[in-house]
Amino acid sequence: MESNPLRQQIANMRQSLFDEKMLDEHYLIVEQLEDKNNPNFAEDIMAMYFRDSTQLIANLEQALEKEKPHHDFIVMEKQLYQLAGSSARMKTTLQQVKKEHEKLRGRIEPYFQLLRQVGPVETAQRPS
């Protein structure tokens with residue numbers, strides 16, 4: 001067990017992200033790819049995710065807001081699949097994805113800020 005209070009806070013934050021199912025085993029794989037050459041690999045991957053997914057969400061919202069009798073659901077379905085790993089065709093589903101996206105961003109950014117303060121951990125460990 002780490003005696004540094006800041007490292008303990010980071011471990012608690014990380015565990016909470018897994019407990020709330022905001023992160024899963026895919027994130028563990030990303031963490032394991034970090035090394036001395038790129039100790040911020042996981043943070044870089046999440047930054048790319050937020051950049052790309054923010055644009056996908058904006059594209060979907062724009063497509064749904066247009067006053068068309070028929071939306072291009074095939075294009076929207078591909079974007080939703082790319083964003084969330086599943087397809088949906090309703091504004092409420094998009095709003096839920098957007099809400100969860102912002103929640104994850106709000107939780108993961110402080111986690112990475114603390115990680116930068118204390119430096120890299122030796123190895124990634126599976127949460128309990």
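As the structure is a prediction and not an experimental result, all values here were calculated from the model. Keep in mind that the numbers below use all heavy atoms, side chains included, and drop hydrogens, waters and symmetry copies.
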inquiry  = Quick check for you: to the nearest 0.5 Å, what is the distance between Leu115 atom CG and Ile10 atom CD1?
reply    = 4.5 Å
query = Can you name the nearest heavy-atom pair linking Asp35 to Asn37, along with the distance?
reply = OD1-N, 2.9 Å
Nearest-0.5 Å distance, CZ of residue Phe18 to CD of residue Glu25 = 8.5 Å
task = Heavy atoms only: give me the nearest Phe41-Val30 pair and the separation to one decimal.
result = CD2-O, 3.5 Å
request  = Verify side-chain contact (heavy atoms from CB on, under 4.5 Å) between Met22 and Ile108, making sure each step is shown before the conclusion.
outcome  = CA-CA 9 Å; Met22 296 180 95; Ile108 200 83; over 6 Å; no
task = Answer yes if Tyr111 and Tyr49 sit in the same cluster of Ile, Leu, Val, Met, Phe, Trp and Tyr residues linked by side chain heavy atoms under 4.5 Å apart, and no otherwise.
result = yes
ask   = At what distance, to the nearest 0.5 angstrom, does CG of Leu33 lie from CG of Leu28?
value = 11.0 Å
ask   = Is Glu61 close to Lys98 at the side-chain level, that is, under 4.5 Å between some pair of heavy atoms?
value = yes
request  = Show the numbers, then the answer: is there a side-chain contact (heavy atoms from CB on, under 4.5 Å) between Asn40 and Phe112?
outcome  = CA-CA 9 Å; Asn40 300 324; Phe112 285 125; over 6 Å; no
request  = Start with the C-alpha distance between Arg105 and Thr54, add both sets of side-chain angles, then the distance that settles side-chain contact (heavy atoms from CB on, under 4.5 Å), and finish with yes or no.
outcome  = CA-CA 11 Å; Arg105 176 178 272 176; Thr54 299; 3.4 Å; yes
query = Roughly how far, to the nearest 0.5 Å, is the CG atom of Asp19 from the CZ atom of Arg14?
reply = 11.0 Å
query = In Å and rounded to the nearest 0.5 Å, what is the CG to CG distance from Leu94 to Leu56?
reply = 10.5 Å
ask   = Is a side-chain donor or acceptor of Glu34 paired with a backbone partner of Ala42 at a separation under 3.5 angstrom?
value = yes
ask   = With no hydrogens and no angle check, do the side chains of Gln8 and Asn12 hold a donor and an acceptor under 3.5 Å apart?
value = yes
task = Output yes when Glu102 and Arg107 qualify as a salt bridge under the 4.0 Å nitrogen-oxygen rule, no when they do not.
result = no
Approximate separation, where rounding is to 0.5 Å, of Leu60 CG and Ser53 OG = 11.0 Å
request  = Please assess Phe50 against Leu104 for the test side-chain contact (heavy atoms from CB on, under 4.5 Å), listing each intermediate value before the final yes or no.
outcome  = CA-CA 10 Å; Phe50 285 120; Leu104 175 60; 3.9 Å; yes
task = For Glu100, check side chain to side chain donor-acceptor pair (under 3.5 Å) against everything at least two apart and list the hits.
result = Gln96
